[in-house]
Each structure stands twice: as C-alpha cells, then as structure tokens.
A.B. asks: 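There's a structure below that I have some questions on.
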Amino acid sequence: MGEENGLRKNNPLKKAPKRRVSPSTMVVIAIVISLLFAIYAYTLLQQAHNKSTVSYSTSEEQAPLEASELLLFAEPNSPVARIQIKIDKEECYTLKLLESGKYDIEEYPDYGVDEARIASMLKHALSLQAVSLIDSNPDSIEIYGLLNPKIVADISYTNGNSHRLLLGNTIPTQASIYAMVDNNPAVYELKAAVLSSFNRPLSSIHTVRFQSKIDTDAITHLIIEKEDERELEIISSENDLYLYDIIHPFKWHAHSVRMTEEITNAIGNLKISKYVGKETSECDYGFSEPKAYIYAADTSGNILTLSVGNEVANGTYVKIDNTNDVYLTDTEQLSFLSNATAYHLADQFTHLVQIDAVSAVNIQSRENSYHLQILHASQNSTLFQINHINLSEKAGRNLYQKIVSLQFDNVLIDSDSSKSTPVYSIDFIDILGNPITKVEYLPYDDAHYAVRKDEECHFVIKKAKLENLFTLISNIVMHAGSE
C-alpha cells in the first residue's frame, strides 16, 4: 500500500495542478515585449536611414578635410554681376547689378529690391564654405535631393567667372543641407543658413518702403477720392506753405492743425507691412473700384499716388505710384481717410483774413451799415476809423478781432435757404481796393443763420453770434461819436 502511494506520488504521467499568473505579472510581460519591439523597430529605422543618406564612414576611415579643402569657391575681389535663382522649379528670377551699385530684377526693371533682404545671399555668393564632405563620388544624388534640387543658383561675377550652386534636402539629424557646386560630383554639407539666404521668393525681396520721397511738410497739392463721396482737393496757400485752401468740392480755408496732424502727417507716416506681388486678373485686390485714391505733390515736384483696395484679415491692399505692385498696410494707418472730408477739414472761422492785407471791412445789416477803415501808417502803427469816427489802435484791433473770430457751428442740411436774402453781410477789401471775400448770413431756422461764402452755402452759425457782434459795433459807434 505504501509502495503504491509512492508510485502515485512520483508518477511522471500524472498532470500537475494548473498555476494562475497574476495580473501584475502579465502587465510586466507586456511592457517588456513592447520595449523589445520598439528597440527592434528603431534599429530597422536607423538602418534604413543610414542606407538612404549614406554613412559618413566607409570601410576605410577617411581623414578629416582641411578648412581650405572645404572652401567651395571665393571671389573676394569681384562683385556679383548676376544671380539667377530657381526655386523648386516653380519660380525663377535674376538679380542684376546696376551701374549705381544696387541690384534690380532683370525680368522686371525698376522692381525695387530691398538691399537688406539680399545681403546674406550676396555674402554666400562671394564665398562659400562647406561644413564637411559627404561623398566625393556618390552612386546616386537622388537620395540627397540634388537630382531635383530645391534651389539652383547660377552666379556670375564682373570678372567673368561663374559658379552653379545646387541645394538639396536638409540633413535630418543636423541643421544643415546637402549641396553640390559646379561640375564637381562631390556632395557637401552646408549650414542651413545658406538655404535660407538663397530660398528667397521674388515677393520676399521687394522693398516694403514707399518709393516716393514726398515731403509731407511741404505738400502743395492734395487730392483724395473716396468711394461714394465727392472729391476733396486742397492746395497750399500762396502766402503761407503751412496754410491750406479747400478748392473742391467748395472753396474754403482749411483748418491748418487738422490738415497737418490728421492728414499730411498720416500720409507721411504710412508704412508698408508686406509686398504681395503684381496685380493680375486672377487676383481681386479691389482696385477695379478702389475704396480711395490719394494724390499728393510737394514743393520739389515729388508726387505720391496711393490706391486703396480691399480690406483683409491682416491689413488692406494698396498700390503705390501708379504701378501694378500690390502691398499690404495696417488698416488702422488708413483711418485718417474718415476725416478727409471738406466739412471736417474746413476752417471753422467764417472769414479769417489777416489784418495786414485789409484796408476796409464793410459790415451790413438790414437796418444799418458800418464801414471800418484801416490805414497802415507804418509797420508799427495802424489807424482805425468806423463810419469816419476815429478809434484808438487798441479798440480798432479788438473790433477787427471780434469780426474775424466768428465761427460756424454745424453743417448746413437744407440747401434751399442759399437763395434767401441775407440778414447780415461782411466783406473785406484789400489795400489796393479790391474785394477779398464776402460772407453773407441768411435765414435758416429759429436758432441759426446759413453762411453763404463765394455764392455757396455749406455751414450754419448761431444767430446769437451775429446779433451780439452787431450790438457791439453799434455801441462802439454810439460811444465813439459822443466823445
């Protein structure tokens, strides 16, 4: 019996009881398997990468090249005459050296190249140093991206020499690129900055500054046309460059401070944020029906023209100097156009005339008329009479100041009143006896008179201002006559 139990106990054919694997053990096993698979996959990727980019080492270790051997070309004593740039076989243009020493685009004369934007390209075109030699004679250059290079630069110099530079793929593990030079079969490593220097689309090297050198402190003629509004035309005063006259849509003195601070300064401070490209029929920039058009000329004969097109998310399209070059500018910089109206820029003084040019002022109401005589005896002395009654110089100047200080209060809405008979009128005579200007005040509503100047009505003035002025003149005449 005991022997039988022993045989049963040690029977090799008897199945052992099943043992359960704990969940934590299974997680550990899964992680280990995942790690092993990741290591294996990484090894395969590295082998594939090495096979596609060609290892830097060969069966025999190469000695590092000297710096002089990595100098691909150098033309230190001869400027670059031309660089033809081809980018991804899609864009091609040629930088050409002008007699002035500046560069322009051969295919587009007077393109306006920004010299700062091509400085690094010219630097590398004069001297190019490789980082290392990749392969002196590769079986294939396709794996380097040099069969269909990103950039082809054909460089020629004033001494007659020339070079061709091919720029291919970037090296994945380094901030550098593959390159070939001239007819040399070797593939080199160059710094990525070289690619950045030559990878310049035509639009990126266009100047973003205004071409016109207009002096906004000396503007003599300004025209602003806006969508659905009357044209505004302003000229500088014949007597003072810093004073302006509106000549269209009506004649009136312009507000000199508003003109300077809101309009001419804004035009002078306009900045271009980006060059967009040439205007084409395929692109609708809004210039077929521009939002605004600006013409400005200065005392030196310089002229600026600016067409304002559509507004987009990052600015507003503009064209400068009647070219087909389209730019973007910050929309906020064009906000001055909202103030470019004759009504806003009109001087609020209804008849601001300098006393030195005046010999007499005729002041008329329906009941009374007054004649203020001004005699310029010398530079330091002026004599005044009103209705042939002498006034002291102080009293005469104070009265003249009251007359020319009248300011309108609002824009006239009902133009029918312009044909009414005036209630008051004031006209100025120059020192030669010729009329300077005449302003009439016509019935308008219970609180205002319409202001008619040079036969046109555009503004209204409060009645009280005229009534107070004529009361003052009447009192001056009454007291002066009693003395």
A.B. asks: Measure across Tyr293 and Ser307 and return the closest heavy-atom pair with its distance rounded to 0.1 Å.
C.D. replies: CD1-OG, 3.5 Å

A.B. asks: Quick one about Lys150 and Asn199 (side-chain donor to acceptor, distance below 3.5 Å, no hydrogens or angles considered), yes or no?
C.D. replies: no

A.B. asks: Should the heavy atoms of other residues, nucleotides or ligands under 6.0 Å from CD of Glu91 be counted, would the total exceed 12?
C.D. replies: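 Correct, the count exceeds 12.
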
A.B. asks: Does Lys86 have more than 12 heavy atoms from other residues, nucleotides or ligands lying within 6.0 Å of its NZ?
C.D. replies: no

A.B. asks: Indicate the atoms forming the closest heavy-atom contact of Leu146 with Leu167, along with that distance.
C.D. replies: CD2-C, 3.9 Å

A.B. asks: Can we say Lys319 and Asp325 salt-bridge, meaning some charged N sits less than 4.0 Å from an Asp/Glu carboxylate O?
C.D. replies: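 Here Lys319 does not pair with Asp325 in a salt bridge, since their nearest N and O are not under 4.0 Å apart.
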
A.B. asks: Do Phe250 and Tyr343 have ring centres separated by under 6.0 Å?
C.D. replies: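 Judged by ring-centre distance (under 6.0 Å), Phe250 and Tyr343 do meet the cut-off.
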
A.B. asks: With side-chain contact (heavy atoms from CB on, under 4.5 Å) as the test, would you mind laying out the steps for Thr94 and Ile83 before giving the verdict?
C.D. replies: CA-CA 6 Å; Thr94 307; Ile83 305 180; over 6 Å; no

A.B. asks: Using atom types as modelled and distance alone, determine if a side-chain donor or acceptor of Asp330 lies under 3.5 Å from a backbone N or O of Glu332.
C.D. replies: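 Looks like yes, one N/O pair under 3.5 Å.
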
A.B. asks: May I ask you to decide whether Lys96 forms a salt bridge with Asp104, counting only side-chain N to carboxylate O separations under 4.0 Å?
C.D. replies: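 Salt bridge: no.
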
A.B. asks: Phe459 vs Phe408 aromatic rings, parallel, tilted or perpendicular, using cut-offs 30° and 60°?
C.D. replies: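 Ring orientation of Phe459 relative to Phe408: parallel.
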
A.B. asks: For a 4.5 angstrom cut-off between non-hydrogen side-chain atoms, does Lys251 reach Asp245?
C.D. replies: no

A.B. asks: Among Val152, Ile87, Leu165, whose side chain to side chain contact (heavy atoms under 4.5 Å, CB included) with Phe198 holds?
C.D. replies: Leu165

A.B. asks: Taking all non-hydrogen atoms of both residues, which atom of Ala153 and which atom of Ile85 are closest, and how far apart?
C.D. replies: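 Closest heavy-atom pair between Ala153 and Ile85: CB-CD1, 3.9 Å.
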
A.B. asks: Can you find a heavy atom in the side chain of Thr329 that is under 4.5 Å from one in the side chain of Val308?
C.D. replies: no

A.B. asks: Establish, yes or no, whether a centroid distance under 6.0 Å links the rings of Tyr317 and Tyr285.
C.D. replies: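 Ring-ring flag for Tyr317/Tyr285: true, centres closer than 6.0 Å.
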
A.B. asks: Judged by atom type as modelled, is there a donor-acceptor pair below 3.5 Å linking the side chain of Asp154 to the main-chain atoms of Gln84?
C.D. replies: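 Checking the backbone N and O of Gln84 against the side chain of Asp154, no donor-acceptor pair under 3.5 Å is found.
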
A.B. asks: I'd like to know if the side chain of Tyr441 pairs up with that of Thr350 as donor and acceptor (distance under 3.5 Å, no hydrogens or angles considered).
C.D. replies: yes

A.B. asks: Between Thr341 and Leu232, is any pair of side-chain heavy atoms under 4.5 Å apart?
C.D. replies: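 No; the side chains remain at least 4.5 Å from each other.
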
A.B. asks: Are side-chain heavy atoms of Val113 and Tyr108 found at a separation under 4.5 Å?
C.D. replies: no

A.B. asks: Just by distance, no angles: are the side chains of His255 and Asp347 close enough, under 3.5 Å, to form a donor-acceptor pair?
C.D. replies: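 His255 vs Asp347: no donor-acceptor pair found between side chains.
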
A.B. asks: Is any side-chain heavy atom of Ile219 closer than 4.5 Å to a side-chain heavy atom of Ile234?
C.D. replies: no

A.B. asks: Check the pair Tyr275, Tyr327 against ring pair (Phe, Tyr, Trp, His ring centres under 6.0 Å), reporting the backbone distance first and the verdict last.
C.D. replies: CA-CA 4 Å; Tyr275 175 69; Tyr327 302 83; 5.3 Å; yes

A.B. asks: Yes or no on side-chain contact (heavy atoms from CB on, under 4.5 Å) for Lys438 and Arg452, after CA distance, side-chain angles and deciding distance?
C.D. replies: CA-CA 8 Å; Lys438 182 175 183 177; Arg452 182 165 68 192; over 6 Å; no

A.B. asks: For the side chain to side chain contact (heavy atoms under 4.5 Å, CB included) test, which of Ile155, Leu72, Leu70 pairs with Leu128?
C.D. replies: Leu72

A.B. asks: With no hydrogens and no angle check, do the side chains of Thr220 and Thr299 hold a donor and an acceptor under 3.5 Å apart?
C.D. replies: no

A.B. asks: Side chain of Asp215, backbone of Asp298: donor and acceptor closer than 3.5 Å?
C.D. replies: no

A.B. asks: May I ask you to test the Arg200-Tyr93 pair for a side-chain heavy-atom distance under 4.5 Å?
C.D. replies: yes

A.B. asks: Is it the case that the side chain of Ser140 and the backbone of Glu142 share a donor-acceptor pair, with hydrogens and angles ignored and the cut-off at 3.5 Å?
C.D. replies: yes

A.B. asks: Indicate yes or no: at least one non-hydrogen side-chain atom of Val404 is less than 4.5 angstrom from one of Ile355.
C.D. replies: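 Contact flag for Val404/Ile355 side chains = no.
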
A.B. asks: Could you tell me if the side chain of Glu262 sits less than 4.5 Å from the side chain of His344, heavy atoms only?
C.D. replies: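 With C-beta onward as the side chain, the pair touches.
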
